2 protein chains.
Amino acid sequence: MVTLAEVAQHAGVSASTVSYVLSGKRSISATTRQRVEQSIRELGYHPNAGARALAGKRSNIIALMVPLRTDMYVPVLMEIAIAVATTARTHGYDVLLLTGEEGPDAVRRVTGSGLADAMILMDVELEDERLPLLRGGGAPGRAKSGPGDDQPSVLIGLPADTTGLTCVDLDWSATGALCVEHLAGLGHRDIAVIGEAPAVYERHTGFAERTLDGLRSRARETGVRVLHRPCEGGYDALALTLARIFDERPGTTGFVVQNESAVEPLLALLRQQGRAVPEDVSVVAICPDQVAVQASVRLTSVAIPAQEMGRRAVEHLVAKLDGRGGDEVVLLAPELTVRASSGPAPAAP
Amino acid sequence: MVTLAEVAQHAGVSASTVSYVLSGKRSISATTRQRVEQSIRELGYHPNAGARALAGKRSNIIALMVPLRTDMYVPVLMEIAIAVATTARTHGYDVLLLTGEEGPDAVRRVTGSGLADAMILMDVELEDERLPLLRGGGAPGRAKSGPGDDQPSVLIGLPADTTGLTCVDLDWSATGALCVEHLAGLGHRDIAVIGEAPAVYERHTGFAERTLDGLRSRARETGVRVLHRPCEGGYDALALTLARIFDERPGTTGFVVQNESAVEPLLALLRQQGRAVPEDVSVVAICPDQVAVQASVRLTSVAIPAQEMGRRAVEHLVAKLDGRGGDEVVLLAPELTVRASSGPAPAAP
DNA sequence: TTGAAAGCGCTAACAA
DNA sequence: TTGTTAGCGCTTTCAA
């Protein structure tokens with residue numbers, strides 16, 4: 001293994017000079033810098049991560065906690081994770097992958113050991129046990145144990161109380177509103193919402209409820225009726241749900257789907273029932289663009305900006321670590337893309 | 001931050017005693033051990049990762065390289081990654097998430113900096129540029145730079161030349177054979193294989209070709225005809241592929257699908273054409289169980305054992321790090337589960 | 001613009 | 001069974 005001392009000797013300078021060439025924390029004459037860089041290349045030197053962390057008090061590692069079982073669609077999780085990893089690298093950080101399994105202990109372990117300088121949590125629940133450990137000094141009624149004791153962190157998703165936390169998420173409420181707006185604008189008056197599995201709502205995962213809120217309040221404003229039905233994925237579950245919807249509201253002409261595994265079954269069943277999309281019914285999905293594009297009917301959809309979420313999370317975290325920027329809730333504006341699954345409401349019979 | 005020295009003082013012992021209590025590398029009297037453990041708990045001590053890595057020459061971190069763009073189905077990747085992370089934790093290791101983006105440089109960086117003790121590579125290509133850096137001493141024509149210089153590693157997937165490498169993978173060839181065997185056993189004589197996108201084959205990613213080999217050789221043995229067609233995912237592409245298949249081999253009664261995004265389109269199109277599954281045609285999929293179960297027809301399938309692959313990879317790596325076990329190719333035996341999509345071939349007209 | 005030297009917190013000889 | 005101590009490789013004062 002090549003050490004800094006060896007590089008220094010090879011270049012005929014002191015160790016500190018090599019260190020400063022690497023960190024850029026003091027000015028170095030062009031000639032020494034070149035000699036040092038030359039030696040680094042020749043010897044194939046890589047600074048030792050442990051020694052760096054020990055002496056520099058920063059590991060240059062960001063911990064990313066991904067949930068084991070989740071309400072999110074797996075490809076979205078993966079895309080976020082990858083965006084986190086690549087963005088982190090552009091800022092000189094590596095990413096440590098933690099699973100939700102360890103729970104709050106993982107937070108303590110990572111914080112206490114200095115393994116990571118900061119952490120990103122995905123799929124936070126409304127009342128998450130890990131949050132007390134992460135809240136900044138702003139939270140009332142909590143004594144800070146000391147400066148530097150709390151781990152800078154960013155959540156992807158919104159808990160119930162965001163005091164003293166930084167969060168990045170899609171603006172789900174605006175997303176819901178946008179879907180209704182689109183359908184209402186096309187003249188639809190009876191809209192059905194096919195949602196996530198009931199368990200998702202019961203667990204009070206924020207995004208599902210927020211979407212619904214947005215959906216309903218815009219529905220009120222536009223004078224549209226909304227019928228919401230949670231739904232497990234798959235054909236059988238959807239067949240039942242769909243039957244109940246048309247039973248209760250035969251005049252339904254618009255669908256909003258927020259459940260990737262219900263998308264294809266919905267299209268298939270509508271087809272089977274002889275309801276043409278978008279002539280008879282319109283469908284708007286809340287899903288990654290890839291799903292919208294690959295469906296049997298190209299779907300009008302609001303995209304889930306996975307990459308953007310990962311990127312923004314890292315950027316906020318890096319800003320915190322650099323002493324810039326503090327707690328903040330970042331809501332990404334939803335964007336609706338019109339494709340082939342939505343059109344004017346059919347004239348009333 | 002609590003240090004080992006503080007714990008030692010609090011417990012009234014020396015630093016080394018605390019260290020040995022933690023590592024268990026020498027015998028400690030029950031009473032001192034208890035006092036130390038008590039102090040550790042009271043003070044909330046966590047050993048500093050950097051210092052440990054520096055002094056102990058091991059970071060207790062395993063690097064996991066996941067591909068950016070991949071031929072694998074994303075949920076499978078994710079499942080493997082999570083299995084790697086959880087298994088690693090049970091062995092006292094954390095996982096560093098690297099993306100394929102950096103390529104061989106990431107290997108050098110991690111090796112050189114001592115950031116990780118070992119690495120796991122997913123989705124290796126047949127001729128992968130990272131492999132030369134990972135091959136053990138066994139490879140002829142390559143001088144080892146020195147002992148301990150090569151990173152212990154495990155690949156998930158098989159490259160063309162496995163000399164000096166440890167690999168874990170599903171036995172794709174046996175998987176292909178198993179599919180044919182099942183269909184042949186049911187009396188099918190004309191089988192079509194709907195494969196991955198052409199790009200996958202062109203890139204010579206091992207698994208696709210191996211599956212085909214297994215498929216074909218067993219077909220020869222059982223006197224079955226096999227027609228292979230690569231296929232992009234989605235409805236349009238599949239519609240074309242399917243038309244060409246029935247055009248060329250009107251008597252086709254069995255399908256093997258190795259492409260998650262072709263599964264549902266295939267079922268929909270067959271239905272649309274009035275071909276009943278499994279009465280008129282049988283379908284066997286190579287996909288995760290979840291996909292097989294959630295499809296509109298519960299699919300007879302060979303599972304992709306994602307968790308098992310992740311777990312085994314870590315276990316082999318840990319064995320290597322502990323000086324046990326060397327290079328080895330581990331092929332997991334495929335298992336076929338019969339569900340509702342396969343049945344006896346229809347009597348010839 | 002550069003060098004010398006004191007740690008960072010831990011592990012592992014070496015001693016007792 | 002326990003303590004003492006010399007580093008591990010780097011960062012960062014302090015001095016020149």
Side-chain angles (χ1 to χ4, degrees), chain A residues 1-37 39-40 43-61 92 109-117 148 321, chain B residues 1-37 39-40 43-61 92 109-117 148 321:
Chain A
M1 210 204 53
V2 188
T3 70
L4 183 148
E6 293 173 308
V7 174
Q9 189 173 14
H10 185 270
V13 297
S14 74
S16 57
T17 298
V18 177
S19 176
Y20 284 119
V21 166
L22 252 28
S23 69
K25 287 189 182 172
R26 80 179 182 193
S27 49
I28 305 280
S29 74
T31 56
T32 10
R33 148 162 290 120
Q34 280 175 353
R35 247 172 337 124
V36 170
E37 284 168 347
S39 299
I40 287 177
L43 302 180
Y45 168 72
H46 286 273
N48 179 287
R52 250 196 176 166
L54 181 56
K57 310 206 167 315
R58 297 164 123 286
S59 64
N60 287 298
I61 289 179
R109 188 168 63 83
V110 166
T111 309
S113 66
L115 228 188
D117 298 330
L321 287 168
Chain B
M1 210 204 54
V2 188
T3 70
L4 183 146
E6 293 173 307
V7 174
Q9 190 173 10
H10 184 271
V13 298
S14 74
S16 60
T17 298
V18 177
S19 175
Y20 284 119
V21 166
L22 254 28
S23 69
K25 288 189 181 171
R26 80 180 180 191
S27 49
I28 306 280
S29 74
T31 57
T32 19
R33 149 163 290 121
Q34 280 176 351
R35 246 168 342 120
V36 170
E37 284 170 348
S39 300
I40 288 178
L43 301 180
Y45 168 74
H46 286 273
N48 179 285
R52 240 186 187 179
L54 181 55
K57 308 202 170 316
R58 293 163 127 287
S59 64
N60 286 299
I61 289 177
R109 189 168 61 83
V110 166
T111 309
S113 66
L115 228 189
D117 299 330
L321 286 168

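The shown structure was predicted, so the numbers you read here are calculated from the model rather than taken from an experiment. Labels below follow one simple rule: chain letters A, B, ... track the order of the sequence lines, proteins then strands, and each chain is numbered from 1.
Remark: C1' of C/dA13 and NZ of B/Lys25 are 12 Å apart, rounded to the nearest angstrom. If you measure from atom CZ of B/Arg58 to atom P of C/dC10, you get 18 Å, rounded to the nearest angstrom. Rounding to whole angstrom units, CG of residue B/Leu115 and P of D/dG9 are separated by 16 Å. Taking atom OH of residue B/Tyr20 and atom C1' of nucleotide C/dA16, one finds them 14 Å apart after rounding to whole Å. Between A/Gln9 atom CD and C/dA4 atom P there is a gap of 12 Å when expressed in whole angstrom units.
B/Ser23 comes within 4.0 angstrom of nothing in the nucleic acid, heavy atoms only. Within the 4.0 angstrom heavy-atom criterion, only backbone atoms of the sugar-phosphate kind lie near A/Thr3; the bases stay farther away. Among the protein residues, A/Thr17 comes within range of the sugar-phosphate backbone only, with heavy atoms under 4.0 Å from sugar or phosphate atoms but none that close to a base.
When the nucleotides C/dA5, D/dC8, C/dT2 are ranked by their closest atom to the side chain of A/Thr32, C/dT2 comes out on top. Distances from the side chain of B/Ala51 to the nucleotides C/dC10, C/dT2, D/dT13 place C/dC10 closest. Among the nucleotides D/dC10, C/dC10, D/dG3, the one closest to the side chain of B/Arg52 is C/dC10. Closest contact between the side chain of B/Leu54 and the listed nucleotides D/dT2, C/dG3, D/dC8 involves D/dC8. Here C/dT11 is the nucleotide among C/dA5, C/dT11, D/dC10 with the atom lying nearest to any side-chain atom of B/Leu4. In the set C/dT11, D/dG9, D/dT2, the nucleotide with an atom closest to the side chain of A/Asn48 is D/dG9. Of the candidates C/dC10, D/dT1, D/dG3, D/dG3 carries the atom nearest the B/Ser14 side chain, counting heavy atoms from C-beta on.
Take the nearest nucleotide of DNA chain D for A/Leu22 and for B/Arg26: the residue whose nucleotide is more 5' is B/Arg26. Of the residues near DNA chain D, B/Lys57 and B/Arg33, the one whose nearest nucleotide (by heavy atom distance) lies more toward the 5' end is B/Arg33. Of the two residues near DNA chain C, A/Ser27 and A/Ala15, the one whose nearest nucleotide lies more 5' is A/Ser27.
Side-chain contact between B/Arg33 and B/Val36: absent, with no pair of heavy atoms (C-beta onward) separated by less than 4.5 Å. By the 4.5 Å heavy-atom criterion applied to side chains, A/Val2 and A/Val7 are counted as neighbours. Counting only heavy atoms from C-beta outward, the side chains of B/Val110 and B/Ile61 never approach each other to under 4.5 Å. Looking only at side-chain heavy atoms (C-beta outward), A/Asn48 and A/Thr3 stay at 4.5 Å or farther from each other.
The base of D/dT4 lies close enough to the side chain of B/Ser16 for a donor and an acceptor atom to sit less than 3.5 Å apart.
The distance from the OG atom of B/Ser39 to the CD atom of B/Gln9 is 10.5 Å, given to the nearest 0.5 Å.
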